Novice: 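Following this message is one structure expressed as structure tokens.
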Amino acid sequence: MDNEQIEITLLLEAIYQKYGYDFRNYAGAHIKRRIRHFAASSGLGSISAVQHKIIYDLATFEALLNDLSINVTEMFRDPSFFQAIRSEVIPILKTYPHIKIWHAGCSTGEEVYSMVILLIEEGLYDRTQIYATDFSETALKKAKDGIIPLAYLKKYTENYQKAGGKNSFSDYFTAQYDAAILDRSLQKQIVFANHNLSTDAIFGEMQMIVCRNVLIYFNQNLQNKVMQLFHDSLRPGGILCLGAKEGLKSAPVNNNFNILTAKEKIFMKRYEPPNKEVIS
Amino acid sequence: MKYDAIVIGCSFGGLHALETIFTDLSAALPVPIIVVQHISPDNDSFLAEHLNKISALTVKEADDKEELKAGTVYIAPPNYHLLVENDRSLALSVEDKVNFSRPAIDVLFDSAADVFKRKLIGIILTGANNDGSLGLKKIKKKKGLVIVQDPQGAEAKMMPAAAINTCQVDHIIPLAEIAAYLNELLNK
């Protein structure tokens, strides 16, 4: 192990020991990049200096935590995914009297609000409960604020339309001087909560789980563990949505899912477990 | 083996440049090649499929956690950064754009330089911004081999020219000769 790797390992161990956030099984190349970036931008210089500071200074830790959580998201990102939800998933969800959806790793909420708008337009929102979770309190707060910088409105409007939006994107927000605020009514059926996929357990049984571009940040072991958690949190016939370039691949629960649409990485948990022969 | 991997970065003019190189690269290439071509988020897998058809090498879009295999070319998918892990598997990430790009060449080159160090060949081809210059400099710093397409004759000169300005390049090679150079270097 080279020196920098030693420093990173010790920093992640310190974070876990002190604060209970477990980044030790995150994908290495990505974490290294974020840590190096923080060491430079914070002015602390070395990774060991960061380790020392975060143990004694909560504010520095919170800044690091913010840097480590990925916040690159937009409303109706990958419009073709939302098109596929409309055409392949909504007909299935319509068969349930009550729908529970978990957005795991919801970050600042853009994807959640996109799903809400889609559900409203498909007439399903009133019987849906959404759980939007993330380990970052900062991200959750931003999600609850529901603010869209004006500069993003054009892109979001384009995405909304490409995603098959039935109304007008502007129906869902009010524009003020320097920002747009999403209608409070969109939050009616959303519970925002702190949940850490590395460390926390099942909290309910879902008809659908959406976790897009989060698993890529976990190493293979943690991915397998989280996939198991998702599997166990889904009703039979439940839907799992991953990011455009993610997949089940070698996760042991792979056998327990059917592919609903291959291109958009939407999967369905089988009603019956496969034969023992298939698993072994 | 003297080298364990090749990384290539390009943008404007990249399709033709990659075609030229991959048509002529030997099927017996003993290393993997990882490519970042700047590509719009709406694009599909056309580039990988097209290059796969015209090349003796296997060309595919990179998958997260995929292990690198000799003689295979991995193309960064649209809207994701591509990195290399210490165990030589590939990693995808959705971070902010770097040099206005995602995938960004600097991100791949930086990460690959850490992993392969002196056993890395870094190549910058035609392109319209300076993404890749700093990454190439890092490869050079780790004592890898650094090659730039001759800007003379490049469809877009800015990327190779910026690379030449930013770091001590080992070889400046006209596009048509790059494949032959690599074949000779790696198939001794």
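Only this structure's heavy atoms are used, side chains among them; waters, hydrogens and symmetry mates stay out. Keep in mind that this is a model prediction, so the values were computed, not measured. All chains are named by letter (A, B, ...) in the order of the sequence lines, taking the proteins before the strands, and each is independently numbered beginning at 1.
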Novice: So which of Asp110(B), Val115(B), Val107(B) has the biggest tally of heavy-atom pairs under 4.5 Å with chain A?
Specialist: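 Greatest number of close heavy-atom pairs with chain A: Val107(B).
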
Novice: Looking only at heavy atoms and a cut-off of under 4.5 Å, which of Arg77(A), Glu4(A), Gln220(A), Lys162(A) has the most pairs with chain B?
Specialist: Arg77(A)

Novice: Within the supplied structure, the quantity of interest is the number of heavy atoms (other residues, nucleotides, ligands) at a distance under 6.0 Å from Gln152(B) CD; does it exceed 12?
Specialist: no

Novice: What option among Asn79(B), Asp64(B), Asp87(B) has the most heavy-atom pairs under 4.5 Å with chain A?
Specialist: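 Looking at each option in turn, the highest pair count goes to Asp64(B).
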
Novice: Would you find more than 12 non-hydrogen atoms of other residues, nucleotides or ligands less than 6.0 Å from Lys265(A) atom NZ?
Specialist: yes

Novice: So how far is it from Phe218(A) CZ to Lys65(B) NZ, rounded to the nearest 0.5 Å?
Specialist: 9.5 Å

Novice: Can you name the ring pair (Phe, Tyr, Trp, His ring centres under 6.0 Å) partners of Tyr113(A), sequence neighbours left out?
Specialist: none

Novice: Count the heavy atoms of every other residue, nucleotide or ligand shown that sit under 6.0 Å from OH of Tyr152(A), and state whether that count exceeds 12.
Specialist: no

Novice: Quick one: does any side-chain atom of Tyr80(B) pair with a main-chain N or O of Lys245(A) as donor and acceptor, under 3.5 Å?
Specialist: yes

Novice: For the candidates Gln223(A), Lys263(A), Glu246(A), which exhibits the highest count of non-hydrogen atom pairs separated by less than 4.5 Å from chain B?
Specialist: Gln223(A)

Novice: Do you know which of Leu83(B), Asn86(B), Val94(B) has the most heavy-atom pairs under 4.5 Å to chain A?
Specialist: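 Between Leu83(B), Asn86(B), Val94(B), the count favours Val94(B).
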
Novice: So if I take each residue of residues 29-38 of chain A and look for any heavy atom under 4.5 Å from a heavy atom in chain B, which residues do I end up with?
Specialist: Ala29(A), His30(A), Lys32(A), Arg33(A), Arg34(A), Arg36(A)

Novice: From His81(B) NE2 over to Ile216(A) CD1, what is the distance, rounded to the nearest 0.5 angstrom?
Specialist: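 Reported value, rounded in 0.5 Å steps: 10.5 Å.
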
Novice: Please confirm whether the backbone N or O of Gly28(A) pairs with a side-chain atom of Glu85(B), one donor and one acceptor, at under 3.5 Å?
Specialist: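 Yes, Glu85(B) side chain to Gly28(A) backbone: donor-acceptor pair under 3.5 Å.
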
Novice: Heavy-atom count check: over 12 atoms from other residues, nucleotides or ligands less than 6.0 Å from Phe12(B) CZ?
Specialist: no

